[in-house]
Amino acid sequence: MELALDRTHLRAVPSQPEAAPSEDTPDAELLARVADHDRLAFELLYRRYVRSVFGLALRRLGDRGRAEDAVQEAFAAVWRSAGTYRPERGAPSGWLYAIVRNAIVDRFRSSGAPVAEVPELPAPEPGPPERAESAYVAWRVHRALEELQPREREVIELAYWSGMSQSEVAEYLHLPLGTVKTRTRSGLARLASVLEGELR
């Protein structure tokens with residue numbers, strides 16, 4: 001599947017840096033360059049993720065046209081917001097997926113679909129005790145995730161945010177399924193150990 005990149009939002013940007021990014025350039029570096037309006041870095045990031053992002057949007061939305069719109073909106077947001085990515089808060093793929101998820105939610109809303117049909121939307125507003133407990137749990141989990149290796153944190157964050165199966169995570173990250181399973185097992189074991197240690 002070849003989904004054309006809409007370059008409308010790439011107009012009137014500074015000239016390219018001297019050294020062009022390569023296929024081996026890490027995602028985090030590409031995002032840093034995109035934040036400086038590096039079009040070559042943006043197009044490389046686009047080619048790297050567009051197939052898996054489109055597949056995810058199509059599965060969630062069930063309509064090719066709306067999925068294509070969601071992909072274009074997501075990558076336009078990546079171009080605008082790349083400077084907000086912080087490596088210490090998670091893997092680039094997790095940050096990018098969060099943007100994709102927002103674009104999918106927007107497509108649902110623009111089509112008039114009930115919000116309840118959108119995957120992973122929050123439940124009805126909880127009361128103060130539930131909010132306090134949820135915030136505390138989220139804080140503990142966030143702290144524990146920071147103790148994981150980046151590769152372990154990446155697969156767990158994607159599964160948590162997206163509800164992806166391990167096969168879908170493998171496809172999204174372009175990794176063998178066995179590698180995803182190994183990283184998930186080791187990451188969950190380490191996460192459990194960290195959380196258990198906080199209770200002692």
Side-chain angles (χ1 to χ4, degrees), residues 1-10 13 16 20-35 37-82 84-85 87 90-111 113 117-120 150-184 187:
M1 184 276 301
E2 292 295 334
L3 190 60
L5 170 61
D6 181 358
R7 292 178 171 80
T8 304
H9 52 282
L10 304 184
V13 296
Q16 299 300 318
S22 71
E23 293 294 336
D24 296 327
T25 303
D27 290 347
E29 182 179 337
L30 289 179
L31 281 174
R33 297 176 70 127
V34 172
H37 297 138
D38 183 335
R39 285 173 289 182
L40 294 179
F42 177 78
E43 293 185 7
L44 179 55
L45 191 71
Y46 180 89
R47 292 197 304 272
R48 188 172 291 179
Y49 281 98
V50 65
R51 290 179 65 89
S52 54
V53 166
F54 175 76
L56 179 63
L58 185 60
R59 285 194 298 274
R60 299 302 196 199
L61 294 167
D63 177 84
R64 184 181 182 88
R66 288 198 294 158
E68 291 177 351
D69 288 343
V71 170
Q72 298 295 355
E73 289 172 9
F75 280 99
V78 168
W79 174 257
R80 294 191 303 268
S81 307
T84 67
Y85 170 66
S93 54
W95 178 87
L96 191 147
Y97 175 78
I99 289 180
V100 172
R101 179 178 175 275
N102 288 339
I104 292 173
V105 169
D106 289 343
R107 285 293 95 196
F108 265 102
R109 289 173 175 163
S110 67
S111 70
E117 294 182 11
V118 184
E120 296 112 31
R151 292 179 177 181
E152 296 171 343
R153 185 168 63 240
E154 182 177 51
V155 296
I156 291 174
E157 286 178 337
L158 282 173
Y160 174 76
W161 282 333
S162 70
M164 287 181 179
S165 67
Q166 290 184 321
S167 297
E168 290 172 329
V169 171
E171 177 186 354
Y172 188 81
L173 296 177
H174 311 291
L175 292 172
L177 178 58
T179 300
V180 170
K181 289 182 176 180
T182 298
R183 292 181 184 178
T184 300

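In this structure, Arg33 and Pro21 approach most closely via the heavy-atom pair NH2-CD, 3.4 Å. Taking every heavy atom of both residues into account, Leu96 and Tyr172 meet most closely at CD2-OH, 3.4 Å. Residues Leu30 and Thr25 approach most closely at CD2-CG2, 3.7 Å, considering heavy atoms. The two residues Phe54 and Val71 come nearest to each other via the heavy atoms CA-CG2, 3.6 Å.
Applying the side-chain contact (heavy atoms from CB on, under 4.5 Å) test to Arg151 and every residue at least two apart in sequence or in another chain returns Arg183. Taking Glu171 as the reference, nothing meets the salt bridge (Lys or Arg N to Asp or Glu O under 4.0 Å) condition, with sequence neighbours excluded. Partners of Ala103 by side-chain contact (heavy atoms from CB on, under 4.5 Å), not counting sequence neighbours, listed by chain and number: Ala70, Glu73, Ala74.
Ring-plane geometry between Phe42 and Trp79 is classed as perpendicular, the angle between the planes exceeding 60 degrees on a 0 to 90 degree scale with a lower cut at 30.
Residue Leu31 is tested with Ser81, Pro87, Pro92 for a side-chain contact (heavy atoms from CB on, under 4.5 Å); the sole match is Pro92.
Between the OG1 atom in Thr184 and the CD atom in Glu154 there is a gap of 10.5 Å [rounded to 0.5 Å]. The structure places CD of Glu29 at 10.5 Å from CG of Asp24, a figure rounded to the nearest 0.5 Å.
Using a 4.5 Å heavy-atom threshold, the side chains of Arg51 and His174 count as separate.
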